[in-house]
Amino acid sequence: MTMTPIAPRVALFVPCFIDASFPEIGVATLQLLERLGCIVEYPFNQTCCGQPLANEGDQKNAAACEALFVQNFAGYDYIVGPSASCIHHVRQHMDAIEQTDEVTQVRTHAYELVEFLHDILQVRDFPWASFPHKVALHNSCTSLRSLQPPLASMSEIRGPAFSKPKELLANVPGIEWVELERADECCGFGGLFSIFEEGVSAKMGYDKVDDQRRAGAEYIVSADMSCLMHQKGCAQRLGYGQKYIHIAQILNGDTV
Amino acid sequence: MKPVDQSAAADMFIADVQHERFHDHHLWDLRKGRDQERDQIPEWETLRQLASDIKAHTLTHLADYLEEFERNATANGVQIHWAQDAQEHNRIVGEIFAAHQVKTVIKSKSMLTDECQMRPYLAELGITVIESDLGERIQQLDDDQPPSHIVVPAVHKLRGDVAKLFARTINSDPNNDDPKVLSEAGRQSLRPHFLAADAGMTGANYLIAETGSFVVCTNEGNADISANLPPLHVASVGIEKLIPRIEDLGVFIRLLSRSALGSPITQYTSHFRAPRDGSEMHIVLVDNGRSARLGMADFWTSLKCIRCGACMNTCPVYRRSGGLSYGSVYPGPIGVILNPAIDLHRYRALPYASTMNGSCTSVCPVKINIHEQIYQWRRIISEKQELPLLRRTALDVAAKVLASPALYRRVIAGVDQVSREFPRALIYNPLNAWGLQREIPDAPKATFHQWWAKNRGADHE
């Protein structure tokens, strides 16, 4: 295992929906980072990065959220969060507030968990983990087509194939990958799209979970739990048996 | 005008399972065909960049190239007209036809004439326009229903629908829905119109400044007959269709049909340069908001669009909504970013009919950052108070909660408690949009925040 010589000081960013609905992913992220030698702090007054408001175009309302985020996360070497769409917002869209040095420091030090493990810690072995299941990978659209640099290659662009999540999972024993027909088609979550465009959102979700079912996936793993929350809701309503898990939980060796 | 309710129209489209399924699968097949063609071209991404750069160059020197085009086309014997907007375009076309006593026009596909609503205008003048593209003809016969896709206008119809429509309108056999039989019936019904037309109309895919010529790409050859049989050819073209040189054309020809239909090239790539002996050729160059768009810092690159429809084929929302749901000549992702500039109030819902997944941007052969422009339009819609009141109020409340750690903790605890304690029938009520077709996540025993406070909180509380 490659480790940076000095223990990195990491601020753990637990996105609001993970805090409220999937705390186990926050715990897995925390434990994993600590196992890998990071000194992890949890800025206690954090709430949300402002993405749901900014994605509606509502810069006025996003500003207070963004200011609070910066207040919580300023000054850390690394800000790590297990969600590509939230990190994408911080890194590429957080401009409802004045771009002070402090804001810029926060925006340039925010990392999605997979890229932090892959690019910064450069870890490839998770000896405590094993996952003897048929697994399909779900790459969120944000992680493929918006986040810079992306976590994996996309089907639209001609170029070498790569996948940071798969590289991290490559040494976890037991995983048998299954491939979807439409591997990187959007699942229809889309944040508030899932509420305000409910019909299309659910139809896209149903098509996605059908594809996963046909592929024979027992588990769907992703670096983005928000997509999985939607997919899981669709699969449960349809009575499908496949399960949904965040990559942090597999890499941390959580029993599920 | 009343805002378009894309979401409600999409719900109706989805409710028709058979049509939605065909629509989604057929267009996804076009996307797959596009990927296969791309894989045959090692320099694909270089081509896209080149096409994007050529368009950027042309658009930033547009006035010069337009004048160069006019000079060269005029020297070729073509008559050039300038139309500032749709009304002027229609008036000019009407005047050309009046001068030639034109009563019937045979026309190939042109999004621009739909944009200008030219057919109803000419109908008022007693001029009948017959669409010669099969898909456009189907739409015209169906009580002038607008096209639902810019390349495959009747893609939302099944062949059974066309059989019924043709039986009603051109007396074909209602029980024979063999596509070959149907297209032959369509062809036979069009032939007399080709022969009788007083004038032919086309659009153009490319205007070439250095030659004063223009290029029309079709798969049916209908533009060639429309242009070459009657003694008068009028082409309506948007000013953004320019490219500087004939040698630039190859870049676009290589990208166009591969992106659109997954075929290496359209069946016909026809160059028009000068009128035939004894006939006239006119080109109406139309602005209709394009110059204004060129001045919009965040949106001018949408003028690079070559109307291939790849963004529609790949769009997961479009495939499940149908093009008619967008209430506009330009549906799908490109329509989402074009329409708000035309009428912000009417099209205010369109930028929200998107998950901003970015697939459109990544297939676009001229690299328009479509999903980023969608994001920018949302900011404008919010700023101009065009979000519906209920939605604005919800955002105001959410913002108060999310910006206050104490309030946020209380709300989450409350929601989790409701989720644990309330009966299912109360939680899954009709106002709970999430729960209509999806399960809500189970409430955890404790939030992460509570977990931290309990397990690690000694130093922090």
Side-chain angles (χ1 to χ4, degrees), chain A residues 14 16 18-24 26-27 42 44-48 50 52-53 55-62 64-65 67-68 93 141 144-146 154-159 182 185-186 188-190 193-200 202-207 229-230 232-234 236-237, chain B residues 7 10-11 14 20 24 28 35 38-39 41 44-45 314 316-317 320-321 352-359 361-363 371 375 377-383 387 391 395-396 398-399 402-405 408 412 415-416 433-434 436-441 443-444 446-449 451-452 456 460:
Chain A
V14 179
C16 49
I18 289 182
D19 176 38
S21 298
F22 307 100
E24 65 278 9
V27 176
Y42 170 71
F44 205 64
N45 279 327
Q46 61 178 286
T47 59
C48 164
L53 303 161
N55 278 6
E56 286 286 288
D58 191 350
Q59 288 287 86
K60 195 163 54 74
N61 272 325
C65 254
L68 178 66
H93 280 167
C141 297
L144 293 180
R145 305 188 193 94
S146 288
M154 63 179 106
S155 62
E156 290 87 351
I157 299 288
R158 189 186 163 109
R182 301 183 184 184
E185 184 181 45
C186 177
F189 171 63
F193 178 87
S194 63
I195 304 293
F196 291 114
E197 311 274 335
E198 181 271 337
V200 177
K203 179 69 179 112
M204 287 166 67
Y206 280 17
D207 288 350
M229 170 171 73
H230 161 72
K232 185 179 177 185
C234 292
Q236 283 181 334
R237 179 61 62 89
Chain B
S7 179
D11 287 349
I14 290 170
E20 186 279 332
D24 171 51
W28 182 253
D35 290 356
R38 170 207 58 194
D39 290 342
I41 311 281
W44 180 261
E45 300 303 334
T314 201
V317 175
R320 289 159 180 96
S321 304
Y352 296 90
S354 164
T355 59
M356 296 194 288
N357 62 77
S359 188
T361 298
S362 304
V363 297
H371 74 299
Y375 184 75
W377 274 118
R378 289 184 180 191
R379 288 187 174 184
I380 290 174
I381 287 161
S382 173
E383 259 168 43
L387 270 178
R391 199 157 169 165
L395 291 172
D396 288 344
L402 293 174
S404 155
Y408 165 81
I412 285 189
V415 169
D416 280 354
W434 179 276
L436 294 177
Q437 301 186 69
R438 283 168 295 217
E439 293 297 304
I440 297 166
T447 64
F448 178 84
H449 194 82
W451 180 93
W452 178 278
R456 304 288 185 93
H460 297 270

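All chains are named by letter (A, B, ...) in the order of the sequence lines, taking the proteins before the strands, and each is independently numbered beginning at 1.
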**Message:** Strictly distance-based, threshold 3.5 Å: is any side-chain N or O of A:Arg158 a donor or acceptor partner for the main-chain N or O of B:Arg38?
**Reply:** yes
**Message:** Quick check on A:Leu68 against chain B: is it the side chain, the backbone, both or neither that has a heavy atom closer than 4.5 Å?
**Reply:** side chain
**Prompt:** Between NE2 of B:His449 and CD1 of A:Ile18, what distance do you get to the nearest 0.5 Å?
**Reply:** 16.0 Å
**Request:** Identify the two heavy atoms, one from B:Ala398 and one from A:Leu53, that lie closest to each other, and give their separation to 0.1 Å.
**Result:** CB-CD2, 4.3 Å
**Prompt:** How are the rings of B:Trp434 and A:Phe189 set to each other: parallel, tilted or perpendicular (split at 30° and 60°)?
**Reply:** perpendicular
**Request:** Output yes when a side-chain donor or acceptor of B:Ser382 lies under 3.5 Å from a complementary backbone atom of A:Gly57, and no otherwise.
**Result:** yes
**By side chain to side chain contact (heavy atoms under 4.5 Å, CB included) - contacts of B:Ala443 (at least two apart)** = B:Asp416, B:Ser419, B:Arg420
**Prompt:** B:His371 versus A:Ser146: any side-chain heavy-atom pair under 4.5 Å?
**Reply:** yes
**Request:** Starting at CD of A:Glu56, measure out to CG of B:Leu395 and round the result to the nearest 0.5 Å.
**Result:** 5.0 Å
**Request:** To the nearest 0.5 Å, tell me how far A:Asn55 CG sits from B:Ser354 OG.
**Result:** 10.0 Å
**Message:** Counting C-beta onward and ignoring hydrogens, is there a side-chain heavy-atom pair between B:Pro441 and A:Phe22 closer than 4.5 Å?
**Reply:** yes
**Request:** Would you indicate whether the side-chain heavy atoms of A:Val14 and B:Trp452 approach each other to under 4.5 Å?
**Result:** no
**Message:** Between A:Thr47 (side chain only) and B:Leu402 (backbone N and O only), is there a donor and an acceptor less than 3.5 Å apart?
**Reply:** yes
**Request:** Locate the shortest heavy-atom distance separating A:Glu185 from B:Pro316; write the atom from each residue and the value.
**Result:** OE2-CB, 3.7 Å
**Asked** With a 4.5 angstrom heavy-atom cut-off, which part of A:Gln236 approaches chain B: side chain, backbone, both or neither?
**Response** both
**Request:** Report yes if some heavy atom in the side chain of A:Glu197 is under 4.5 Å from a heavy atom in the side chain of B:Val317; otherwise report no.
**Result:** no
**Item:** Backbone of A:Cys141 reached by a side-chain donor or acceptor of B:Asn357 within 3.5 Å
**Value:** no
**Item:** Which atoms of A:Met204 approach chain B - backbone, side chain, both or neither, heavy atom under 4.5 Å
**Value:** both
**Prompt:** Is there a side-chain contact between B:Glu45 and A:Ile157, using heavy atoms and a 4.5 Å cut-off?
**Reply:** yes
**Complete:** By ring pair (Phe, Tyr, Trp, His ring centres under 6.0 Å), B:Phe448 pairs with (sequence neighbours left out) A:Tyr42, B:Trp451
**Asked** Is the shortest side-chain N to carboxylate O distance from A:Lys203 to B:Asp24 below 4.0 Å?
**Response** no
**Prompt:** Taking C-beta and beyond as the side chain, do A:Arg237 and B:Arg438 meet within less than 4.5 Å on heavy atoms?
**Reply:** no
